[in-house]
Amino acid sequence: MTEAVAVQEEKKEAPPRSLWGEAWSRLRKNRFAVMSLAWLSVIGIAAALAPWIVPYDPQHQEWWTGKRPPLYSHATLELIMTFSEGSAPPAPFPSSGTHVIKVKKEEARTRDLRIKVSHDGKVEHIELGPDLDADDPHSESPDVLALASGERIVAGEGEKRVAAAATTVEKGKVLPEPLAGAATGQAVLVAQWRKGERTREVEARVEQGKVASLAVDSKPEKRVEVAADEVLDVALDGSPFVHTHLLGTDDSGRDILSRIIFGGRISLMVGIVATLVSLVIGVAYGALSGYAGGRTDELMMRIVDILYAIPFMFFVIILLVLFGRSLILLFAAIGAVEWLTMARIVRGQVLSLKEKEFIEAARVSGTSTFGIVFGHLVPNSLGTVIVYTTLTIPEVILTEAFLSFLGLSVQYNGQNLESWGSLTKSGMDLALGGFPWLLLWSATALSLTLFALNFLGDGLRDALDPRLRGKG
Amino acid sequence: MSESAPVVLEVRDLKTYFRTDDGADVKAVDGASFYVRAGEVLGIVGESGSGKSVANLSVLRLLPEPPAHHPSGEIFFQRNPTQRLELLRAPLSTVRKLRGREMAMIFQDPMTSLNPFLKVSRQLTEVLEEHEGTGPEESRARALELLSAVGIPAPERRIDQYPHQFSGGMRQRVMIAMALMCEPTLLVADEPTTALDVTISAQILDLLRRIHGERKTAIVLITHDLGVIAGMAHRVAVMYAGKVIETAPVRELFKKPLHPYAQGLLASIPRLDATRREELKPIGGSPPDLRAVPSGCAFHPRCPHRFEPCDKKVPPLLEVEPGHYAACFLHPQDKPPYRGPEEEKK
Amino acid sequence: MLKYILRRLVTAPLVIFLLLVITFTMVRVAPGSPFSSEKATPPEIQERQRAFYHLDKSIPVQFIYYLGNVVRGDLGPSLKYKDLTVNEIISRHWLPSFVLGTTAMALALVMGMTAGILAGLKPNSRWDYSSMTISMVGITLPAFVTGPLLVVVFSLKLGWFRVSGWDANGFSKDIVLPAITLSLPYAARIARLMRAGLLEVVNQDYIRTARAKGLREHVVVLRHALKGALLPVVSFLGPAVAFIITGSLVVETIFQVPGLGRQFTQSALNRDYGLTQGLVVFVGTLLVVLNLVVDVAYGFLDPRIRYD
Ligand SMILES: Nc1ncnc2c1ncn2[C@@H]1O[C@H](COP(=O)(O)OP(=O)(O)OP(=O)(O)O)[C@@H](O)[C@H]1O
Ligand code: SF4
Ligand SMILES: [Mg+2]
């Protein structure tokens, strides 16, 4: 009589919306999932368009502006740059064009230093322009010339002598040892002219053992040193040289934002491609195992159990070391590790689905096994597969980051492809030296993305199957 | 059953609602009243979802609050001749001390109601240890005694086993033994046989009947099965949509059900003389949605006799015939309303 | 129970065998392996290599020799350190890893279970929300992010600990940061499992029965709920051991702990395949054994398995 009293469960009016439409509207109500989706879109688009949107070339080093905090703009330069004719200019000077550095040298005198770089990438011509607010110092001749030890003196006959210790050559005085022997005639001294901190050739006339005159060679500069604190302004080939680094710069002055965006490109690409690899293997394996059922299924799942017990991370490491750290290998290696769970999940789905009427119907109507598995069972497990895929991507990203952190970042054409993992590693090294920004930014980018993927995965699961909410 | 025996439990106008995420309350129990006298068996029947379990879980305050809450109602429990407690508003700690000791409950599914991780001995003795501070030896002796009383063979061996080593029927026996550990005055048995197959279920009912005979425990017996009621209860309360819609001594109800729902229930009992299935007349329609109970008489959408006042006013529970109450407009509305056991004593 | 244990006992050697096959094949087949080009290897190491691997025999025979060596407990020579065997390297470096790993595991259990129980007992409370959010962070943040961050805060800013390094005498406060770093993700995971387990169990009929018996709430929780709620945590311990071992690769690198993790990373980067291979076999075997222990413990905890 129980069945007499019990009446069928009430049937709720189902809204005339598709499963996916409903899931989507549920997902939209989940604040975390929406925020995650937003973040993932931002980082995804940024990574995809990286070469076009990054503010700077991520490899571009500006070593004299290294380790700068966020929002840093160039105002001063720190180190000493040397320009010499016939050799390449220091970074960031592009390899051709005429660059003007406004320098403040020689006690508050402002001058233009014009550097012409030819197309072969060599400094062709250096010109330290006339004093902008004083007389041209070129006409000056020194009364005293300081020689550092080791500086050359070339005697008139081509005889070379070297100053053993720092010494001075002074007008009206005897030449110091070991130059004294130069006796009479003209000597060309190559020396640093302290006053200008430039290397100039100075001509000294010696008469009767005494220095009669010192004349600064008025030839154009061949080599100029500029200290960063002397630079007032830089124009690179005519365009103003003002760099703002939103997230600061790393130790070699590379723009952190650009590096993070490019790093994201690698991390996300590895995450997505390797997940797809695992998806293909896992879905095929799981679906076949679940559909086959019986002993085949048991055997196939036993294999999965056994593989589960193997510490694959170690193999991935060996693999990368042995066969080279290529991108393809990394995809394959990680994909081969991650498919196990996917296989289990898909199998579970297929097992429960294959008892359903529509599968029976397909079987009766003569659909092939392949057709049933991939035409019916797999599409019907799609929700679960999508959820799990979303949750696998962060795991893969993490794996790649882990490998990069250990120093096994992927290489392409012999170059390390930097991902968030290797950036974090560099960041850590810098942080230990007291510069935490690179670490903070790369860790933030990595963590936010991992969070977002996890939240989105959870949100999708809840949205696709509200009954599961709160579990796990 | 003597009409003058003291009332052990009286539930008056109990409402138990569940708060849901979207704000609407599920009115699982919506103004139910019933009582049990000492030594009496009260049967509660009603279809699935009518609020039988929720009403009785409310008595023991076993529902998590929230989501459960009680907009109205009183539950009186006679602890001893002088002490009468109102349970709904009593501190939970007071109610807790009554549970297991003065009122015990047996649940529907013996497979899940015993803790799979604890030995049966532990689950039995802890009741005594908790309430009476009995030492382990004595508790164990009592447990063994009860296990054999409920018909577990070789209790010395069985007591140290785990629940999964028992069959369903045996587990329900263990549950019963557990409920009896402290000799409670009230035993609530919530569909104690539904999960068991027919022969086992008959054995368990025999056991309950025997226990009742020996110990004179007041029992609230919840069931779908009017056959069980007929064989065991003294009085019956029929619940529909969270209300008691008819209550009477068993014989009265079976002889002359007054409420159309109760009539439907009785008509759906297969009788020994009715051999063909067609004679079973299930009640048409489906149970009401407890978030939006039909207006007026909650049964009206399914009632074959419904007439003009039925969807407008809620029919009150009236004493249509002496000791036989029903809530239905088909019966004269000038009868005295239900007032609980005191009225009946007169 | 016996069947349950036997089933696992059968799988264990199978897994180890597979492990040996894979490492052996990988190291042997790889184009960059020292077995394919012997040019850079010093002669004395080549000598030991030949002695250990029987390079003059065919590959299957080599494998059988290798198998024999491993079964006898000889993991072979290092290809970089002239006079060290893998066994010697392991015996020199296992202690820091062991100390670090067990400390981290213990820490994870204590932190995770406490947080999980508190959250599970009061679901949807403020404590529940905050601890579950924190644990989500804990799960997501990898050790190589938390580690350096902890160093920046506690070593560089606050100066409480050394930036890196390991006191050779064993226990010292050097262990604090690495152990925390290593344990955080597992503490977080355990907290979630514990909470979920507790919520699952608390809704079970037998908990209602326990309450219906009038037991005090702490008895209900400690005696009736906890055991069942612990099962997911226990079954997580197997994978957790594996993760802790993998995690120690990073943590030992960050904090310069002279343990096996760093040996492994170094050996891989140095292309010391002898050492790499030996360590993988060692760690893999260890994992399999520990998993076995966890499985058996699980069986004991669940009477439904114990008495089957
Ligand atoms: N925690 C809860 N939250 C919301 N609704 C609940 C809750 N517990 C019970 N209900 C609802 O209360 C109603 C009454 O349930 P109850 O278990 O009392 O029915 P019953 O008469 O015992 O039925 P059965 O014969 O199936 O045991 C049901 O509709 C049920 O869905
Ligand atoms: S009151 Fe009306 S609807 Fe309700 S049972 Fe009686 S006749 Fe039917
Ligand atoms: Mg019920």
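The model shown is predicted, which means the values in this text are computed figures rather than measured ones. By convention in this document, chain letters (A, B, ...) are assigned in the order of the sequence lines, proteins followed by strands, and residues within each chain are numbered from 1.
- When heavy atoms are compared at a cutoff of 4.5 Å, B:Q161 does not approach chain C at all.
- Annotation: the span from C:T209 atom OG1 to B:D109 atom CG amounts to 10.0 Å, rounded to 0.5 Å.
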Next on the checklist: Before you tell me yes or no, could you show the steps for B:L57 and C:R208 under side chain to side chain contact (heavy atoms under 4.5 Å, CB included), namely the whole-Å CA-CA distance, both residues' side-chain angles and the distance that decides it to 0.1 Å?
Outcome noted: CA-CA 10 Å; B:L57 289 170; C:R208 196 180 54 189; 4.1 Å; yes
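- Rounding to the nearest 0.5 Å gives a distance of 8.5 Å between CD of C:E217 and CG of B:L92.
- At a 4.5 Å heavy-atom cutoff, the contact between C:L231 and chain B is made by side-chain atoms alone.
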Next on the checklist: Would C:D302 and B:F117 count as a side chain to side chain contact (heavy atoms under 4.5 Å, CB included) here? Give the steps.
Outcome noted: CA-CA 6 Å; C:D302 189 345; B:F117 301 108; 3.8 Å; yes
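- Taking chain C as the reference chain and counting heavy-atom pairs below 4.5 Å, the highest number among B:V127, B:L118, B:V188, B:I106 is found for B:L118.
- Annotation for C:R126: atom CZ does not count as buried by contact number, only 12 or fewer foreign heavy atoms lying within 6.0 Å.
- Within residues 170-187 of chain B, the residues having any heavy atom closer than 4.5 Å to a heavy atom of chain C are B:M175, B:M178, listed by residue number.
- Contact residues of residues 130-146 of chain B toward chain C are B:E130, B:H131 (heavy-atom distance under 4.5 Å).
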Next on the checklist: As a quick check of understanding, evaluate side chain to side chain contact (heavy atoms under 4.5 Å, CB included) for B:E126 and C:H224, giving each step before the final call.
Outcome noted: CA-CA 11 Å; B:E126 67 180 354; C:H224 285 264; 2.6 Å; yes
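- Heavy-atom contacts from other residues, nucleotides or ligands closer than 6.0 Å to CZ of C:F243 number 12 or fewer.
- Ranked by non-hydrogen atom pairs under 4.5 Å with chain B, the options C:G228, C:A225, C:A210 are led by C:G228.
- In this structure, C:I207 CD1 and B:N115 CG are separated by 6.0 Å, a value rounded to the nearest 0.5 Å.
- Looking at C:V201, neither its backbone nor its side chain comes within 4.5 Å of chain B, counting heavy atoms on both sides.
- Checked against side-chain contact (heavy atoms from CB on, under 4.5 Å), C:M105 has the following partners two or more places apart in sequence or in another chain: C:L237, C:A240, C:I244.
- Remark: side-chain polar atoms of B:R99 are not paired, donor with acceptor, to backbone N or O of C:K213 under 3.5 angstrom.
- Interface remark: B:R122 contributes side-chain atoms only to the contact with chain C (heavy atom separation under 4.5 Å).
- Scored by the side chain to side chain donor-acceptor pair (under 3.5 Å) test, B:S53 finds B:D190 as partners (sequence neighbours excluded).
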